[in-house]
Amino acid sequence: MLDIQILRNDLAGVAARLATRGFVLDTTKFEQLEGERKVIQTRTQELQAKRNSASKQIGIAKSKGEDVSAIMAEVANLGDELKQAEVQLGEVQIALQTMLEVLPNMPNESVPVGKSEADNVEVRKVGSVPKFDFAVKDHVSLGEGLGGLDFETAAKISGARFSLLKGGLARLHRALAQFMLDTHIDQHGYTETYVPYIVNSASMRGTGQLPKFEQDLFQVSFGGTSNKAAMVNVYADKFLGDGLVANDANIKVDVENWYLIPTAEVPVTNMVRDEIVPLEKLPMKFVAHTPCFRSEAGSAGRDTRGMIRQHQFDKVELVQMVHPDESYVALEQLLGHAETILQKLGLHYRVVKLCTGDIGFSAAMTYDIEVWLPAQNTYREISSCSNFEAFQARRMQARFRNAQGKPELLHTLNGSGLAVGRTLVAVLENYQQADGSVVIPEVLRPYMGGLEKLAG
RNA sequence: GGAGAGGUGGCAGAGUGGUCGAAUGUACCUGACUCGAAAUCAGGCGUGCGGUACUCCCGCACCGAGGGUUCGAAUCCCUCCCUCUCCGCCA
């Protein structure tokens, strides 16, 4: 969420910066709502002050045994007026909040301006494109040849966009995750975490998946029919008053739901939601290995072959909560931590800085790491490392106590370190041999019982 | 699933309709005493929002969450969430 103060003070500036990422800010609507808010809030608070002082006087008078009918008469008509003002205030505040919650973050000044993926800037290439003196196979053919990759059975069990691993491939998948975790814990100073895979809507709201991207998520029902929260816990009730119902067309109602995490970023980052952490606890660095669940609603027909784009995949996620002054240094470090994994695995990759038109909703700056896939003859995203500045922290009220002792929003970052499924794909394709076998990278062999090669 | 107890400021813990944003203790900060420290004494010490006003002023809101009753709610009523204890079931 953006700081409403910045919108008040420099609306045109915000609009200009959001425009670089292709977002049109409705400044007229904001100014109108903000104007209304100011009038209504001032009036409401005046009425509340009046009620408070009158009530206090009644209390004092009664304790002295004096007659209170005169003061009572004075506030007799206050009730209705106040209630009406409070309802109006609630409505305008919800409208403002609803507008704010769907505004994307402002890109950092140094993010290259561009419209799409095509305008992203390559930062560096590490390693070189591997040469093969035979016709390369893709990971699907390799995996099926090795007898460990079975999409048909996965489809029978679940449906499209699921995969099933067996034997050496399943173990290689596990080895990759273990190797990544161990590296980040032992060499990069991250604290290992095990977190819930089902989260509430407040957590999704905190990191920015809600309210705008609900269609990308899997929602979880409770006990088969209604989930417990659908028993309607409507936070807007206070403002809606008696006359309005929850599904009133103009008012967004927040019903408490459960969702499967689309990334460990959600549960891990939300650890600090509604917290004020001591200054000396920063930076906080956490790593988690979790499955991730995505509906892929908007990508029908894309990457349908293989395990590149699945409803369920594993990812090792790096998350940091840092002092605002440190977040860009931390981003470079976090990126380096992710790159280390690829380097140790001996995989060729490049780092790309996303342009304003391609960065995600919550991010102020993002680097993607793209690994070379020989069968596709191209680079594919295997990690995305972002600095969210205070965007998520403001939604979460995640703060630290600064040197002056005052609560201040901290900065959050995260990055894949790495996507396990795609790393498996990269290892299979890059380490394939002419006979269809796959050499196991040396760093993984300790996790594979010393095995050097997967062969059918 | 059954029965019971409870959710108040960093922590502990009072407060069952009225000058309560909230006693007291403790932790923490400042000052005094001291060569210094401890002890002691004095003072300070929640968060968010608004008023063109970050550290000065004023107001509003917040005692798990959301509703309700009332001139007035931490306190009474309703719903939900969470925690703890015992029993049952279960990996």
Side-chain angles (χ1 to χ4, degrees), chain A residues 1 3-11 31 33-83 85-90 92-94 96-97 100 196 198-203 205 222-223 226-246 251 253-258 273-281 324 390 393-409:
Chain A
M1 206 156 64
D3 186 353
I4 195 168
Q5 302 291 356
I6 296 177
L7 283 136
R8 286 175 186 152
N9 297 333
D10 184 19
L11 190 58
E31 280 174 333
L33 285 172
E34 183 48 23
E36 282 177 31
R37 187 229 100 224
K38 193 165 166 177
V39 172
I40 298 170
Q41 182 165 1
T42 307
R43 193 160 59 87
T44 306
Q45 292 188 351
E46 276 169 6
L47 290 169
Q48 286 170 328
K50 206 160 144 190
R51 177 203 60 196
N52 289 348
S53 74
S55 294
K56 193 169 265 188
Q57 282 174 36
I58 291 172
I60 295 169
K62 275 199 167 175
S63 70
K64 291 178 183 164
E66 293 169 0
D67 177 42
V68 294
S69 56
I71 316 175
M72 295 282 272
E74 210 174 289
V75 285
N77 297 322
L78 209 66
D80 289 345
E81 201 185 340
L82 179 57
K83 185 144 206 161
E86 281 175 342
V87 169
Q88 281 178 4
L89 180 61
V92 73
Q93 280 179 332
I94 285 176
L96 263 175
Q97 179 75 7
L100 275 180
I198 295 176
V199 300
N200 56 33
S201 58
S203 293
R205 196 168 286 273
F222 190 78
S226 62
N227 70 47
K228 61 175 175 177
M231 296 176 197
V232 193
N233 195 345
V234 184
Y235 83 3
D237 263 0
K238 182 180 179 184
F239 309 114
L240 293 176
D242 293 332
L244 295 167
V245 270
I251 294 166
V253 158
D254 187 31
V255 175
E256 178 65 12
N257 286 318
W258 275 351
R273 172 153 55 86
D274 293 322
E275 297 288 333
I276 302 174
V277 304
L279 182 60
E280 58 270 22
K281 284 252 178 94
R394 188 171 293 107
R395 290 171 161 254
M396 294 190 297
Q397 281 301 299
R399 294 164 293 170
F400 68 101
R401 210 168 278 285
N402 65 23
Q404 288 73 45
K406 295 286 179 192
E408 187 179 335
L409 294 171

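Note on naming: letters A, B, ... go to the chains in the order of the sequence lines (proteins, then strands), and numbering restarts at 1 for each one.
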For this session: Answer yes or no: side-chain N or O of A:Gln41 and base N or O of B:rG50 forming a donor-acceptor pair under 3.5 Å.
Result: no
Seminar exercise, completed: In Watson-Crick or G-U wobble terms, with both distances under 3.5 Å, the base opposite B:rC28 is B:rG44
Exercise. When the P atoms of B:rU83 and B:rU75 are considered, how many whole Å apart are they?
Worked result: 23 Å
For this session: With the side chain of A:Ile4 defined as its heavy atoms from C-beta on, choose the nearest nucleotide among B:rC71, B:rG50, B:rU47.
Result: B:rG50
Seminar exercise, completed: Regarding the side chain of A:Ala49, the nearest nucleotide among B:rG59, B:rG68, B:rU47 is B:rG59
For this session: Scan side-chain atoms only and decide if A:Glu36 and A:Gln88 contain a donor-acceptor pair under the 3.5 Å cut-off.
Result: no
Exercise. Expressed in whole Å, how much space separates the P atoms belonging to B:rG44 and B:rA22?
Worked result: 13 Å
For this session: Choose from B:rU19, B:rU47, B:rG50 the nucleotide whose nearest atom is closest to any side-chain atom of A:Ile60.
Result: B:rU19
Seminar exercise, completed: Side-chain contact check for A:Ile58: nearest option of B:rC71, B:rG50, B:rG59 is B:rC71
Problem set entry | A:Lys38 side chain, from C-beta outward: closest of B:rG72, B:rG48, B:rG51 | B:rG51
For this session: Would you mind telling me which of B:rC60, B:rC71, B:rU55 lies closest to the side-chain atoms of A:Lys406?
Result: B:rU55
Exercise. So, is A:Arg399 close to the B:rG48 phosphate, meaning a side-chain N or O under 4.0 Å from OP1 or OP2?
Worked result: yes
For this session: Answer yes when A:Arg43 and A:Glu46 have at least one side-chain N-carboxylate O distance shorter than 4.0 Å, and no when they do not.
Result: no
Exercise. Do the side chain of A:Lys56 and the base of B:rG18 come within less than 3.5 angstrom through a donor-acceptor pair of N or O atoms?
Worked result: no
For this session: Could you work out which one of B:rG59, B:rG50, B:rG18 sits closest to the side chain of A:Arg37?
Result: B:rG50
Problem set entry | Candidates B:rG50, B:rC60, B:rC71 - which lies nearest the side chain of A:Arg8 | B:rG50
